[in-house]
Undergrad: 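Below you will find the structure I want to go over with you.
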Number of protein chains: 2
Amino acid sequence: MAEIDTRQRILDAAESLFTEHGFDATTLRQITGAAEVNLAAVNYHFGSKEELIREVFRRRLTWLNQQRLQELDRLEAEAGGAPLKPSRILEVFFGVALKMAADSKGGGRTFMRLLGRTYTKPSEFVRGFLAEEYAAVLARFKAALIKALPGVPQEEILWRFHFMMGAMSYAMSGTDALHIVAKHALDDGDAEALYARLMSFMLGGLRAPLPMLPAGSAKRPRIKKAA
Amino acid sequence: MAEIDTRQRILDAAESLFTEHGFDATTLRQITGAAEVNLAAVNYHFGSKEELIREVFRRRLTWLNQQRLQELDRLEAEAGGAPLKPSRILEVFFGVALKMAADSKGGGRTFMRLLGRTYTKPSEFVRGFLAEEYAAVLARFKAALIKALPGVPQEEILWRFHFMMGAMSYAMSGTDALHIVAKHALDDGDAEALYARLMSFMLGGLRAPLPMLPAGSAKRPRIKKAA
DNA sequence: GTATGATTCAAACAACTGTTTGAAACAGGT
DNA sequence: ACCTGTTTCAAACAGTTGTTTGAATCATAC
């Protein structure tokens, strides 16, 4: 290699700038400028900006989800067929993410902020990529949760899982657009306290009494395709 | 006016396109094309793209927050000084938003999706604008919640409010990037069921047992500026 | 009708975007 | 030394961006 780690330095700079300004607002010239490499290096090493974006996610997401699967495997092996405690399942799924977010030095924190922000605004081509990357993990965790909560309707479990994703994304995105919590509470990196707070909030939501659904919502009337 | 409602048609088209593709990815030519007005009309009526974005938010947000304040006023008047039930407070704050989101014909639904997506990714200049627009409302609702939950530490209440904002933003953004819930469950507009589900989840989270915070987090050690 | 101010329009502007190019610099093996 | 494949570099490319311009068109009042 002529210069060490050109790829890596591009990825690091891109990750950081994407987190700060978003994909569209970040130009290749900003990235290559911050990484102190030539402009053409991005297209040489990654082919295109889109592929660079995908790679920024891939290099961390693969490891993250493997970790989640591994810990779930361990948990289920220990239980030996018996249903798990819901709290244990969530601790694995969200705990791994928040552990990564606590790593401010290795760039994990930056990445989790980026990931949190991306969930809400999937830029067309990232959506498919994310769904694909998550498919296997989600299938396993959904199944585990459903098995762990036999009395609760599946649809309700999935919705609550959806809400939890929202709460975590927002918390991890690190932006408090409306200034709800104290100013420096977010960026001082006290990830452990955040983890404890978020987890008890989510568990409370998961265990909440089932909602009184408006009539006709529980089972949707099938008007079209009556046959 | 030469053509009726040029301003309005630009705002409608912009709102819809911003929701679909984001601010940066939406060009003025797309907007004016969809609105069937001349390209220069945006700069003539709004001055700049940034100001157009602000106006897209302003025209609905002002009404939304006024509505929230009004309903809180009514609630507090009825209570006559006594602390309110937390659930009532949340029903006002989030209920108004979700009622707006249920209005798919008047564009309220589109706007709330846009708002939900914007919370996580405040594009520099939108952040200040949003915070300013929300300041008065948040102050009132924070105070009401704190008064309604005298036993709970204020910091904890604010964090949980923060998490609720996340859950709602995500739910309202209408994107399920990871395909957690069933495909068509999001866009069929069954806002009432969503409201019921989300509200019981959030209330469960609010009432959850307080987290065990790691040592040294409850009261931050003051190292700098010891004097 | 004519004058006036507001609005619309087609065309152009300069600046910036991601990408490509071809030559230069580098590394390692023979 | 030479050759070979990889990587870097400055420069240019074609396309798109938000914005501006000056003339044309409209509505309204006199």
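Letters A, B, ... mirror the listed sequences (proteins, then strands); counts begin at 1.
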Undergrad: What is the distance from CG of Asp5(A) to P of dT6(D), rounded to the nearest Å?
TA: 19 Å
Undergrad: With the threshold set at 4.0 Å, does a side-chain nitrogen-carboxylate oxygen contact exist between Arg197(A) and Glu155(B)?
TA: yes
Undergrad: Quick one: list whatever passes salt bridge (Lys or Arg N to Asp or Glu O under 4.0 Å) with Glu51(A), sequence neighbours left out.
TA: Arg54(A), Arg58(A)
Undergrad: Between Ser200(A) and Arg160(B), does any side-chain donor sit less than 3.5 Å from a side-chain acceptor?
TA: yes
Undergrad: Please determine whether a side-chain nitrogen of the Lys or Arg among Arg59(B) and Asp12(B) lies less than 4.0 Å from a carboxylate oxygen of the Asp or Glu.
TA: yes
Undergrad: Sugar-phosphate atoms are those with a prime plus P, OP1 and OP2; base atoms are the rest. Using that split, label each nucleotide of nucleotides 13-19 of chain D B, S or - for protein heavy atoms under 4.0 Å, 5' to 3'.
TA: ----BBB
Undergrad: Which pairs with one or both residues in residues 130-140 of chain B pass side-chain hydrogen bond (donor to acceptor under 3.5 Å, both in side chains), sequence neighbours excluded?
TA: Thr62(B)-Glu133(B), Arg68(B)-Tyr134(B), Asp73(B)-Arg140(B), Glu76(B)-Arg140(B), Tyr119(B)-Tyr134(B)
Undergrad: Figure out the CG/P separation between Asn38(B) and dG22(D), and round it to whole Å.
TA: 16 Å
Undergrad: Return the polar atom pairs (N/O with N/O) between nucleotides 23-25 of chain D and the protein under 3.5 Å, or none.
TA:
none

Undergrad: Yes or no on ring pair (Phe, Tyr, Trp, His ring centres under 6.0 Å) for Phe161(B) and Phe93(B), after CA distance, side-chain angles and deciding distance?
TA: CA-CA 11 Å; Phe161(B) 196 18; Phe93(B) 189 85; 5.2 Å; yes
Undergrad: Can you list the residues that meet the ring-ring contact (aromatic ring centres under 6.0 Å, His included) rule with Tyr195(A), with sequence neighbours excluded?
TA: none
Undergrad: Taking only side-chain N and O atoms of His45(B), does any of them lie within less than 4.0 angstrom of OP1 or OP2 on dA6(C)?
TA: no
Undergrad: Got a sec, which residues hit ring-ring contact (aromatic ring centres under 6.0 Å, His included) with Phe18(A), two or more places apart in sequence or on another chain?
TA: Phe23(A)
Undergrad: Measure the distance from CD1 on Ile10(B) to C1' on dT7(C) and round it to the nearest whole Å.
TA: 11 Å
